[in-house]
Amino acid sequence: MHALHDRPPPGELEKEEGDTCSQDTLHPSDSVSNRNYRGDAQVHEGPRLDIRIELKKNDAYDELPFSYSKSRKWMILTVIFLVQTSMNFNTSLYSNGLAGISEEFGISLQKARWGAAIFLITYAFGCELWAPWSEEFGRKKVLQASLLLVNIWSIPVALAPNFATILVGRALGGLSCAGGSVTLGMIADMYEPADQQVAVSYIVFSSVGGSVLGPIIGGFVETYLDWRWCIWIQLIFGVFVQLLHQLCVPETRCTIHLDEIAKKRRESGMAPNVYGPNELCPIHQRFSWKELTKNWGRPFRMFVTEPIVLTFSLLSGFSDALIFMQIQSFVLVYNQWGFSKIQIGLAFIPIGVGYLIAWLSFLPAFKRNKRARDLKPHSEHAQYESRLWWLLWTAPCLPIGLIIFAWTCSGPPIHWTGTMVGSAIIGIANYSIYMATIDYMICAYGPYSASATGGNGWARDFLAGVLTVPATPFVSNIGGKRHLEIANTILFAISLLLVTAVYLTYIYGPTLRKKSPYAQSLAKNATQDEFGHSRPPSRISDREEICL
C-alpha cells in the first residue's frame, strides 16, 4: 500500500541525478529575502537565472494537515474509514450472488467464483498503480477518480447480459480501486510517523472489517432479493461514500498545500521567490516513464529481495486469504447443521468480533511501545522490534483458531459454537498480523515504507484472489470422509510455519536490517527529536523533501 514517493536506495540515487530538478544550498551571504525562514532552503535556477526557493514542510508546518485539530483529523479518518470499508465490501458481497449467476447464465458455481477472484487479483495491482498519481496530483482528486470508476464499472456488472460482461466489469472495478495506497497515505499526510499508530489501526480495522460485512449483509440479500442486488447495493454504498468524501474531506497531500501556500506568499509579496515543490519540478520530469516504472516496480522488487518484506507479506497474505477461503467454505460447514443462508451470513459475525477485540487490544500495546521508545531512545530493539511485541502474543491465535475450527466443523453431534470460537480467534490473528507488520515496516523502512507496505497489501489481495477459486474444491476433495477436518488441519500446519517467522524477526530483526540497503540508508539518516531521542527520519524524501 503506497503512501508516498519512495526515495531510492543509495545505489540508485546517483543514477537518477540527471532526472531530478537541480537543487543547491544557499550561501550564508544570500539575503534573507532569498532564503527560507530556517536557512535550509534550496534554490532552483529558472530560465531567467532568478533564484527560486523551495518552500519546505518546516516553513509552513502550521498551515499543513499535520496541524489540523484532533476533531477534524478524526472526522476525515471516519470518512476514509467508510471509503475503505466500501472498497473491501465490494470484494466479498459478490459471493452471495453466486447461485443466481450460476442459474441465470448456465455456468457452474466454480466458474462463477472467478468473478470474486478476478476482482481481488486486479485490486492487488490497482493499489500499486494508483499510488504515484495521488502523490503528484493529490489524494482527493485521485480517490474521487478511483471511486467514480469503481462505481461506473459496477453498472455493467449489475446489468450484465452474460458472464463475460461480469468478468470484465469486475476486473476493471478491481483495477480502479486505489485502496490503502491512498487511504493510508492520508494518515501519513496528517500524522508524523511516531504518532500515527492509533490512526493506522483505525483504518486497518475498516480494511479487514469490510470483507466480513459483505457476507453478513449478503445472507439477507441472497434470501430476499435477486443476485443483481448484490451489485446494486455495492453501487449505492459506493456513491454514498464518494459524495461524503467529496463534501467532507479536504486535500491532505502536503506538496499540494505547499504549492498553494507558496503561490499565496508570492502574490502577497511576502516571499516573492518562494515556490512549491511541484512548481519547481516540471511534470514531464516527475512523470517520466523511467520514474513511473521505477516507482511501480519497487514494491515487487522489495517483496522478492527483502526477507522481512517477503516473510511478513506472505504471513499477512495467507492470513487474509483464509477469510476469503472461509467465505467460500462456510456453506459446506454450516449446511451440516441446517443453517439458512441468513444464518450462514451471520456466522461471519464472530470474525468481526475478533477484529474488534484485536483492535481494542492494540491501544494499550501502543502506549507500552511508546514508553519503551522513550525510555530507551538509543536502543534499536526498542525503536523497531518492540513494535512486534503484542504480535508475539496474538500471532499464535492463527494456528490456534484454525485447529479449533478444524476439529469442530464436522457437524452434529458437535455443536456449531466451537467453529465460531475458532473463527473469532482467527479474526484476532488476522487483524493483529496486518496491523503489526505494517507498523513495523513503516518504521523499519522509513522513506521506502510505501513500497514495503505495498508488497504487504499486494500479497494480501493477490493471495486472497488466487485462493478463492480453489478453496471449495480443496475443502471438499481432500481427506476423504473427514475432508473438512483434514483441509483445515493442513492450513493449521502452514500457519505454524509462517507464524514462526514473527519470532525469528523479533530476535534477528537487527541482523536482517543490517543486510538491507534500504533499512541501512534509513539508519544513516536517523535524526533526534526535541528530547534528544534517536528516531528514524520522516518518510519524506531527503532529496526532494516531499511531504507524505
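No experiment lies behind these values; they were computed from the predicted model shown. Residue numbers count from 1 along this sequence.
Judged purely by atom type and a 3.5 angstrom limit, S361 uses its side chain to pair as donor or acceptor with the backbone of A358. At distances below 3.5 Å, not a single donor-acceptor pair connects side-chain atoms of T311 with backbone N or O atoms of I308. Counting only distance, with no hydrogens or angles, the side chain of R368 and the backbone of P364 share no donor-acceptor pair below 3.5 Å. For R266 (side chain) and P272 (main-chain N/O), no donor-acceptor pair under 3.5 Å exists by modelled atom type. With E385 contributing its side chain and Y506 its backbone, the two residues share no donor-acceptor pair below 3.5 Å. Judged by distance alone, with hydrogens and angles left aside, the side-chain atoms of K73 form a donor-acceptor pair with the main-chain N or O of F66 at under 3.5 Å. S146 places a side-chain N or O within donor-acceptor distance of the main-chain N or O of S176, the cut-off being under 3.5 Å.
Using a 4.5 Å heavy-atom threshold, the side chains of Y431 and S319 count as separate. Counting only heavy atoms from C-beta outward, the side chains of V208 and I351 never approach each other to under 4.5 Å. Using a 4.5 Å heavy-atom threshold, the side chains of V241 and F81 count as separate. Residues L77 and I187 have side chains in contact (heavy-atom distance under 4.5 Å, counting atoms from C-beta outward). No side-chain heavy atom of V421 sits less than 4.5 Å from a side-chain heavy atom of P350. For the pair P250 and I76, the minimum side-chain heavy-atom distance is below 4.5 Å. Taking 4.5 Å as the limit, some side-chain heavy atom of R52 sits within range of a side-chain heavy atom of L280. Using a 4.5 Å cut-off on side-chain heavy atoms (C-beta onward), I438 and L184 make contact.
For K56 and Y61, the positive end is not near the middle of the six-membered ring at less than 6.0 Å and at most 45° from its axis.
Listed here is the closest heavy atom pair of A178 and L143: CB-CD1, 4.4 Å. Scanning all heavy atoms of the two residues, the minimum distance from E63 to I261 falls at CB-CD1, 3.6 Å. For the pair Y123 and N88, the tightest heavy-atom approach, listed with the atom from each and the gap, is OH-OD1, 3.7 Å. When all heavy atoms of D59 and E54 are compared, the pair lying nearest together is OD2-O, 4.4 Å. Of all heavy-atom pairs between S201 and M435, the closest is CA-SD, 3.4 Å. The nearest pair of heavy atoms linking R139 to S134 is NH1-OG, 2.9 Å.
In this structure, CD1 in I216 is found 13.5 Å from CD1 in I344, a value given to the nearest 0.5 Å. Separating the CE atom in M325 from the CZ atom in F330 is a distance of 12.0 Å, to the nearest 0.5 Å. Note that CZ of R72 is 9.5 Å distant from CE of M190, once rounded to the nearest 0.5 Å. S316 contributes atom OG, which lies 4.0 Å from atom CZ of R460 (distance to the nearest 0.5 angstrom). Interatomic distance, I323 CD1 to T468 OG1, rounded to the nearest 0.5 Å: 11.5 Å. Atom CG of L398 is separated from atom CG of L315 by 7.0 Å, given to the nearest 0.5 angstrom.
Looking only at atom types and distance, the side chain of T252 has no donor-acceptor partner in the side chain of Y68 under 3.5 Å away. Side-chain contact, W390 with S432: no donor N or O sits under 3.5 Å from an acceptor N or O. Between the side chains of Y191 and Q197, no donor N or O sits under 3.5 Å from an acceptor N or O. Neither side chain, Q234 nor S154, offers a donor N or O lying under 3.5 Å from an acceptor on the other. Under the 3.5 Å distance criterion, with hydrogens and angles disregarded, a donor-acceptor pair is assigned to the side chains of Y355 and N430.
Qualifying salt bridge (charged side-chain N to carboxylate O under 4.0 Å, His left out) partners for R170, counting only residues two or more places apart in sequence or in other chains: none.
Under a 4.0 Å N-O distance rule, the pair D259/K263 does not qualify as a salt bridge. Ion pair K57/E192 flagged as a salt bridge, since at least one NZ, NE, NH1 or NH2 atom sits closer than 4.0 Å to an Asp/Glu carboxylate oxygen.
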Steps toward side chain to side chain contact (heavy atoms under 4.5 Å, CB included) verdict (R371, K367): CA-CA 6 Å; R371 285 197 301 271; K367 293 181 180 179; 4.1 Å; yes
Evaluation steps, ring-ring contact (aromatic ring centres under 6.0 Å, His included), between Y440 and F312: CA-CA 10 Å; Y440 179 78; F312 279 174; 5.8 Å; yes
Going through the distances and angles, do F303 and L314 end up as a side chain to side chain contact (heavy atoms under 4.5 Å, CB included)? CA-CA 9 Å; F303 180 81; L314 289 176; 4.2 Å; yes
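Checking W130, F119, F125 one by one against C177, the side-chain contact (heavy atoms from CB on, under 4.5 Å) holds for a single residue, F119. Only one option out of N90, N96, V221 pairs with I233 in a side-chain contact (heavy atoms from CB on, under 4.5 Å); it is V221.
Between W393 and W389, the ring planes lie perpendicular to each other; the angle is over 60°, past the 30° to 60° tilted range.
The number of heavy atoms from other shown groups lying within 6.0 Å of CH2 (W227) is above 12.
Taking the six-membered ring wherever Trp is involved, the centroid distance between the rings of F220 and Y224 does not fall below 6.0 Å. Centroid-to-centroid, the aromatic rings of W74 and Y202 come within less than 6.0 Å.
The side-chain hydrogen bond (donor to acceptor under 3.5 Å, both in side chains) analysis of residues 237-249, with sequence neighbours excluded, yields the pairs Q144-Q242, Q144-H245, N151-Q242.
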